[in-house]
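I have placed the structure first, in the form of structure tokens, so that the comments after it can refer back to it.
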Amino acid sequence: MNHLFFRQDTVELARKLLGCLLIHRTPDGVAGGMIVETEAYVGAIDKACHAYRNRSERTEIMYHDGGYAYVYFIYGMHYCFNVVTGPEGEGNAVLIRALEPVIGLDLMRKRRRMNQLRNLCSGPGKVCQALDITKNEYGLDLCNADSPLRLIQYRYIPDAKIGASPRINVAYAGEAAAWPWRFYVKDNPYVSIIGS
DNA sequence: GCGGAGATTTCC
DNA sequence: GAAATCTCCGCG
């Protein structure tokens, strides 16, 4: 995947990223999984987006060309991983909310102190803990074949298998709170909220 | 400087 | 249902 791919419309990309593999290589080994749940955030119009009228040191990477990693720290204890999308200057990103574990299962189990496969990567904070993604990964180029953090085409998810819903925990965002910009693979047991 | 709130997870 | 826990931002 190259930067051209990530320059597409952000909501469209949130759908297309389902079925891709996210892989992180560290000195401990390689870990990764298939993306099964995403959320789109669009800076120009979306009150829930960190880059909504808020260009700062923290959000700076969101304004770059698509295909870079945006990682932020939340609630004093968790990291969340996003893919920057769209052309330069817009402030868009797709939050990766859940993976189906594929590579490095034992490494992820160890990092999560958890054996149950369904609880390894079923939430944005869990994904970062299982893959050891922290602020050190902020700004990494996801398109570079030599990068330790990469996105790779893996499975094609047909439209009929894609569900949509409002995004999670953005009630404060006014009318944007109701926009159906969360996407997930239907009937996949590794999404963060079962039954939706 | 200070205070509040947050794209979460976990356990009671 | 609430605690844990910290960084950033806005206010003044």
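Throughout, protein chains are lettered first and strands after them, A, B, ... in sequence-line order, and every chain is numbered starting at 1. The figures that follow rest on heavy atoms only: side chains count, while hydrogens, waters and symmetry mates do not.
- Distance from the side chain of A:Ser56 is smallest for C:dC8 among the nucleotides C:dC8, B:dT10, B:dA7.
- Both A:Ile152 and A:Ile103 sit in one connected hydrophobic cluster of ILVMFWY residues. Membership requires side-chain heavy atoms under 4.5 Å apart, directly or through other members.
- The stretch residues 71-100 of chain A touches DNA chain C through A:Phe73, A:Tyr75, A:Gly76, A:Met77, each having a heavy atom within less than 4.0 Å of the strand.
- Under the rule for a salt bridge (charged side-chain N to carboxylate O under 4.0 Å, His left out), the partners of A:Asp159 that lie at least two apart in sequence or sit in another chain are A:Arg15.
- Residue A:Arg112 is in sugar-phosphate contact alone, with no base atom involved, counting any heavy-atom pair closer than 4.0 Å across all strands shown.
- Across all strands shown, C:dT5 forms no Watson-Crick or G-U wobble pair with both key distances under 3.5 Å.
- The cationic atom of A:Arg55 (NZ for Lys, CZ for Arg) lies less than 6.0 Å from the six-membered ring centre of A:Tyr63 and within 45° of the ring axis.
- Checking the phosphate oxygens (OP1, OP2) of B:dT8, a side-chain nitrogen or oxygen of A:Asn169 falls inside 4.0 Å.
- Proximity of the aromatic rings of A:Phe73 and A:His78 is defined here by a centroid distance below 6.0 angstrom, and this criterion is not met.
- For the pairing with A:Leu99, the side chain to side chain contact (heavy atoms under 4.5 Å, CB included) check across A:Val36, A:Leu21, A:Val191, A:Leu131 returns one residue only, A:Leu131.
- For A:Asn54 and B:dA7, the CG to C1' distance is 14 Å, given to the nearest whole Å.
- Atom CZ in A:Arg182 sits about 11 Å away from atom P in B:dT8, given to the nearest Å.
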Would you check, one step at a time, whether the test ring pair (Phe, Tyr, Trp, His ring centres under 6.0 Å) holds for A:Tyr41 with A:His50?
CA-CA 8 Å; A:Tyr41 288 88; A:His50 290 166; 7.2 Å; no
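- Under the Watson-Crick or G-U wobble criterion, with both distances below 3.5 Å, B:dA7 has no partner in any strand shown.
- Rounded to an integer number of Å, the gap from A:Tyr138 OH to C:dC8 C1' is 12 Å.
- Between A:Asp132 and A:Arg25, no side-chain nitrogen of the basic residue sits less than 4.0 Å from a carboxylate oxygen of the acidic one, so the salt-bridge criterion is not met.
- A:Asp46 places its CG atom 10 Å from the C1' atom of B:dA7, with the value rounded to the nearest Å.
- Atom CD of A:Gln116 is separated from atom P of B:dC11 by 12 Å (rounded to the nearest Å).
- Atom C1' of nucleotide B:dA7 and atom NZ of A:Lys47 are separated by 16 Å, given to the nearest angstrom.
- Take the nearest nucleotide of DNA chain B for A:Tyr41 and for A:Asn119: the residue whose nucleotide is more 5' is A:Tyr41.
- At whole-Å resolution of the value, CD in A:Glu37 and P in B:dA7 are 16 Å apart.
- In this entry the distance linking CD1 of A:Ile133 with P of B:dT8 reads 16 Å, nearest Å.
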